[in-house]
Peer 1: 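Mind looking over this structure? Questions follow.
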2 protein chains.
Amino acid sequence: MKKTSTQPLHLRILNDVQNNILSGKWQPGFNIPFETEMAAQYNCSRMTVNKALTQLTKSGLLERRRKSGTFVKRPQSLSAALEITTIQSEVEKLNRRYSYRLMSDQLRAIETIDQIYLDIADGKNIRDINCLHFADEQPFCFEQRLINIDAVPDINNVKFNDEAPGAWLLKKVPWSRANHQIFAVAATDSVAQNLNINNGDPCLVIERTTQNNAEKITWAKLSYSGAMHNLQATFTP
Amino acid sequence: MKKTSTQPLHLRILNDVQNNILSGKWQPGFNIPFETEMAAQYNCSRMTVNKALTQLTKSGLLERRRKSGTFVKRPQSLSAALEITTIQSEVEKLNRRYSYRLMSDQLRAIETIDQIYLDIADGKNIRDINCLHFADEQPFCFEQRLINIDAVPDINNVKFNDEAPGAWLLKKVPWSRANHQIFAVAATDSVAQNLNINNGDPCLVIERTTQNNAEKITWAKLSYSGAMHNLQATFTP
DNA sequence: AAGTGGTCTAGACCACGGG
DNA sequence: CCGTGGTCTAGACCACTTT
């Protein structure tokens, strides 16, 4: 079928599939229609569908197996480019023992200050969590996290006593964009206390907002002792 | 033509073109053969060539204009993902006046310590440069840079009195990989002096090694005052 | 053996933009 | 205008994997 709008058909197909995934309609693991079926549905040739699905596979949203079909991929790393996954995998990559402690966890009404990070309407509730990550029993990272509970179904039943919220979210929630700000700051009282370093020592701070197509999902502030941590990233053009 | 090796033909074409660019055989601005010519050369259909060239365009190595043809793109940003380009553009994005001062510039034999950053054979020479970037006449970034002069033809004729080495290299040299390490450190004497901050103040330090397919091109250590700077990055899966 | 994606063809028409 | 890339087709055969 010849295209009728201004947008190429293969891009329309790509966007349709992407929206089905990011909206949660097609959950991770879902077996999406075969190329031939979608070609019939869009009244186009299989090549056109293939172009869209091949691109989404390269982007990491789909996984394809001959004979079996095409599946929505489980969300994994924060892109191959910036090798931040979970703090646990960071620690284990350093050959150190990982442990975790939940410091506080409350469901509370949103305040004006939160809306800087998560633009949510007044009156909504958010999950406000503080926790600590350890490497060999030494404080490694202090995490402050806000979660938009409307963007994450099921979260009300989840306790973060044993698993960090970042790790759980990474398994559970597909996202389309992550924005980072990275700072070097002098440790404030509370951070110094939690990381067991001196007040004023340099800290590497990462603030990350993660969103899907529709809304912001979560905001996290990760504070590392400067002496213990550096961030690595590899890019290709 | 049916493929004869194990590698798909469109990937072979993609790699051939990429190698021509990264090896320097096809310089930035070079008008590469038309799709029809390459199809004839590889004895395949135009669609197959198109698949390879479309991918390279998405990767940012090529630029295509109807009627004119396909050109090797001038190396630009450090990928759209991590928005580091030149320090000048960083400063100007903050609406501040940029200026630059060369502190030292010497051509010297490589030492053992350098080989950690640029793995070059003994006896070779490198360019060793220190310079300062200013925002509104205030020190903004202290840059220490080593350049593998064998990887950069023409560099011997270039003075960096008015243009920073990073800016010049970005215009001049195609690269295939950039590796970053990001630290938060306490300012050492020399850095504190150059950035006009107090000894021990937190600094954001970025160490970047840039390479092409064959060899490492340059290493840079960029030190920013923590109070003045933060790094931003946006990722999509 | 059969079903699915991976690749490729030999055309076609259109959109854009330089001359 | 006309040359170039952008898109699309209606097939085809092959490669891989599950049954």
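Quick caveat, the model's predicted, so the values are computed rather than measured. Lettering of chains follows the sequences in order, A, B, ..., and the numbering in each one begins at 1.
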Peer 1: Rounded to whole Å, how long is the line connecting atom CD of A:E63 with atom P of D:dT17?
Peer 2: 13 Å
Peer 1: For A:I13 and D:dT7, give me the distance from atom CD1 to atom P, rounded to whole Å.
Peer 2: 13 Å
Peer 1: When rounded to the nearest 0.5 angstrom, what distance separates CD1 in B:I120 from CG in B:D150?
Peer 2: 7.0 Å
Peer 1: How long is the straight-line distance from CZ of A:R145 back to CD1 of A:I126, given to the nearest 0.5 Å?
Peer 2: 12.5 Å
Peer 1: Rounded to the nearest Å, what distance is computed from the CZ atom of residue A:F71 to the P atom of nucleotide D:dT17?
Peer 2: 13 Å
Peer 1: Return the set of residues passing side-chain contact (heavy atoms from CB on, under 4.5 Å) with B:E37 (not counting sequence neighbours), or none when no residue passes.
Peer 2: B:P33, B:F34
Peer 1: If I take atom CD in residue B:Q55 and atom P in nucleotide C:dT7, what distance separates them, rounded to the nearest angstrom?
Peer 2: 12 Å
Peer 1: Could you check how far CE of A:M38 sits from C1' of D:dT9, rounded to whole Å?
Peer 2: 17 Å
Peer 1: Distances for protein N/O vs nucleotides 4-6 of chain D N/O pairs under 3.5 angstrom?
Peer 2:
{"residue": "D:dG5", "atom": "OP1", "partner": "B:T70", "partner atom": "OG1", "Å": "3.3"}
{"residue": "D:dG5", "atom": "OP2", "partner": "B:E35", "partner atom": "N", "Å": "3.4"}
{"residue": "D:dG6", "atom": "OP2", "partner": "B:R64", "partner atom": "NH1", "Å": "2.7"}
{"residue": "D:dG6", "atom": "O4'", "partner": "B:R66", "partner atom": "NH2", "Å": "3.0"}
{"residue": "D:dG6", "atom": "O6", "partner": "B:R46", "partner atom": "NH2", "Å": "2.6"}

Peer 1: Is B:R101 close enough and on-axis enough to B:F134, meaning under 6.0 Å and within 45°, for cation-pi?
Peer 2: no
Peer 1: Would you list the pairs meeting salt bridge (charged side-chain N to carboxylate O under 4.0 Å, His left out) in which at least one residue belongs to residues 153-166 of chain A, sequence neighbours left out?
Peer 2: A:D154-A:K172, A:E163-A:K171
Peer 1: How many angstroms lie between atom CD of A:E63 and atom CD1 of A:I32, to the nearest 0.5 angstrom?
Peer 2: 12.0 Å
Peer 1: Within this structure, what is the CE-to-P distance between B:M47 and C:dC8, rounded to whole angstrom?
Peer 2: 11 Å
